[in-house]
Amino acid sequence: MSAPGLPMKAPAPGLPSRVRIHEVGARDGLQNEKGTVPTEVKAEFIRRLAVAGLTTIEATSFVHPKWVPQLADAEQLFPLLGDIADVGDVSLPVLVPNERGLDRALTLGARSIAVFGSATETFAARNLNRTVDESLAMFEPVVARAKADKVRVRGYLSMCFGDPWEGAVPVAQVVRVAKALMDLGCDELSLGDTIGVATPGHVTALLSALNEAGVPTDAIGVHFHDTYGQALSNTLAALQHGVTTVDASAGGLGGCPYAKSATGNLATEDLVWMLEGLGIETGVDLAELTATSVWLAGQLGRPSPSRTVRALTPPPSSASHKE
């Protein structure tokens, strides 16, 4: 448990005054769990995240159940979240892979969606069973229909910094696909370091190249995995560039079912601790968020991988978790 007054606020020059955290724990965080998480547990997890002050909480995915079995209950889960609106101005984005997924999401009243593309051909083939350009063509009517219905659209781009099969991914290659996604009409672009190989200089180089290609910084979010312990340093580099949207997963949950080298996402608690120390507002109650991750860890039967959660949580005296 931390001492009162910690972390001490010591603002650094050139950083944004506020950051919006795009919480992905309930979707990206849980999708790789081997055991099926009950629908009611997922709903309660999302409710607790909202109570902790998170205002963008990715709820689920409308992919075909056989591809991501953990999220096969999207139709059952989403209707359970109507009470989230009572917590405050909370957005519940959902992932849709194609027009069929969009139909399912819109039928349930989703007002914010995301499409998920790849910067590399190998991952596109393994994840989407299409080439990069074929996947963009698939997204075109999805984005067009969503925008016509005044639904907000986020474009995820995976493998932006490295690919487990292709190795280093050229910046120009990422920029081409990113620009194509934005040209479809996406409101926001999330740059995914799917296997966690990015370093701060690489982050800055890609952000600069995107700006030169006409993608504004205020339309960009960053999504880092902590495979090599670089997620926070990469986030700081993005903040120094002016990025104000950061993806994170409560408790550090997550991976990728199609890229086995992808480990957990940047933990939301670790991100909030750093941002609080920098004097950057998030609207998130760190104690409430930590308690939520401890609760979920109990549901999953194992401790949270987040360093901040572990530091702020006294060791149990008698309770035990499955290791």
Side-chain angles (χ1 to χ4, degrees), residues 20-28 30-31 39 42-43 46-47 49-50 54-65 67-68 71-118 124 127-130 132-158 177-192 214-221 223 244-245 247:
R20 178 175 65 89
I21 298 174
H22 188 105
E23 173 60 48
V24 299
R27 196 276 301 171
D28 192 20
L30 292 180
Q31 71 176 6
T39 305
K42 294 175 185 173
I46 293 169
R47 292 188 195 102
L49 291 170
L54 289 152
T55 56
T56 305
I57 307 168
E58 201 160 272
T60 188
S61 173
F62 287 89
V63 298
H64 193 286
W67 297 117
V68 186
L71 305 180
D73 61 349
E75 264 93 358
Q76 291 72 47
L77 173 65
F78 204 75
L80 298 177
L81 303 176
D83 60 331
I84 296 296
D86 297 332
V87 176
D89 186 16
V90 177
S91 174
L92 298 173
V94 296
L95 192 67
V96 301
N98 48 36
E99 286 194 90
R100 172 60 183 142
L102 178 66
D103 289 338
R104 294 168 61 200
L106 294 181
T107 297
L108 293 173
R111 304 307 300 163
S112 180
I113 68 159
V115 294
F116 191 91
S118 172
N127 187 41
L128 300 168
N129 297 310
R130 286 170 171 80
V132 168
D133 288 338
E134 286 170 348
S135 66
L136 290 169
M138 179 176 67
F139 299 147
E140 185 172 5
V142 175
V143 177
R145 285 181 52 199
K147 296 299 293 179
D149 202 20
K150 295 182 170 53
V151 170
R152 180 175 173 78
V153 182
R154 166 180 254 222
Y156 275 109
L157 189 58
S158 60
V177 186
K179 186 71 164 58
L181 262 179
M182 294 302 288
D183 287 346
L184 291 180
C186 291
D187 298 290
E188 181 177 79
L189 172 71
S190 175
L191 303 174
V215 180
T217 301
D218 62 7
I220 298 173
H223 184 115
T244 58
T245 298
D247 295 6

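Throughout, residue positions are numbered sequentially from 1 according to the sequence presented. The figures that follow rest on heavy atoms only: side chains count, while hydrogens, waters and symmetry mates do not.
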Distance (rounded to the nearest 0.5 Å) between [X] [atom1] and [Y] [atom2]:
{"X": "Ile113", "Y": "Phe62", "atom1": "CD1", "atom2": "CZ", "result": "11.0 Å"}
{"X": "Asp89", "Y": "Ile84", "atom1": "CG", "atom2": "CD1", "result": "12.5 Å"}
{"X": "Leu71", "Y": "Leu30", "atom1": "CG", "atom2": "CG", "result": "7.5 Å"}
{"X": "Leu181", "Y": "Leu136", "atom1": "CG", "atom2": "CG", "result": "5.5 Å"}
{"X": "Glu23", "Y": "Leu92", "atom1": "CD", "atom2": "CG", "result": "11.5 Å"}
{"X": "Leu189", "Y": "Thr245", "atom1": "CG", "atom2": "OG1", "result": "11.0 Å"}

Testing the basics here: between [X] and [Y], what is the closest heavy-atom pair and its distance to 0.1 Å?
{"X": "Val94", "Y": "Ala110", "value": "CG2-CB, 3.9 Å"}
{"X": "Leu157", "Y": "Ser118", "value": "CD1-C, 3.5 Å"}
{"X": "Val132", "Y": "Ser135", "value": "O-OG, 2.6 Å"}
{"X": "Ala43", "Y": "Leu77", "value": "N-CD1, 3.6 Å"}
{"X": "Leu54", "Y": "Val90", "value": "O-CG2, 4.0 Å"}
{"X": "Ala137", "Y": "Pro141", "value": "O-CD, 3.2 Å"}

_Check Lys179 with Asp183, please: is the shortest side-chain N to carboxylate O separation under 4.0 Å?_
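The answer is yes: the pair qualifies as a salt bridge.
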
Legend entry - Qualifying side chain to side chain donor-acceptor pair (under 3.5 Å) pairs with a residue from residues 72-84, counting only residues at least two apart or across chains: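 As it turns out, the side chain to side chain donor-acceptor pair (under 3.5 Å) pairs with a partner in residues 72-84, which skip direct neighbours, are Thr39-Asp73, Lys42-Asp73, Arg47-Asp83, Glu75-Arg104.
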
Q.
Quick check on salt bridge (charged side-chain N to carboxylate O under 4.0 Å, His left out): which of Lys147, Lys150, Arg154 does Asp187 satisfy it with?
A.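 Looking at Lys147, Lys150, Arg154, the match for Asp187 under the salt bridge (charged side-chain N to carboxylate O under 4.0 Å, His left out) is Lys147.
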
[X] versus [Y]: any side-chain heavy-atom pair under 4.5 Å?
{"X": "Leu128", "Y": "Pro97", "answer": "no"}
{"X": "Phe116", "Y": "Asn127", "answer": "yes"}
{"X": "Ile57", "Y": "Arg27", "answer": "no"}
{"X": "Asp103", "Y": "Arg145", "answer": "yes"}
{"X": "Glu188", "Y": "Arg152", "answer": "yes"}

- Message: Checking the side chain of Thr55 only, and the main-chain atoms of Ala50 only, is there a donor and an acceptor separated by less than 3.5 Å?
- Response: no

### Query
Sub-3.5 Å donor-acceptor pair from the side chain of Asn98 to the main-chain atoms of Arg100, do we have one?
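Checked: pair present.
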
| message | Please determine whether the number of non-hydrogen atoms from other residues, nucleotides or ligands lying under 6.0 Å from atom CG of Asn129 exceeds 12. | response |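 For Asn129, atom CG is crowded (more than 12 foreign heavy atoms under 6.0 Å).
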
| request: Examine the side chains of Asp247 and Ser190 and answer whether a donor and an acceptor come within less than 3.5 Å of each other. | output: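 Side chains of Asp247 and Ser190: pair found under 3.5 Å.
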
| query | Any idea how Tyr156 and His22 line up, ring-wise: parallel (<30°), tilted (30 to 60°), or perpendicular (>60°)? | reply | perpendicular

By side chain to side chain donor-acceptor pair (under 3.5 Å), Asp218 pairs with (sequence neighbours left out) none

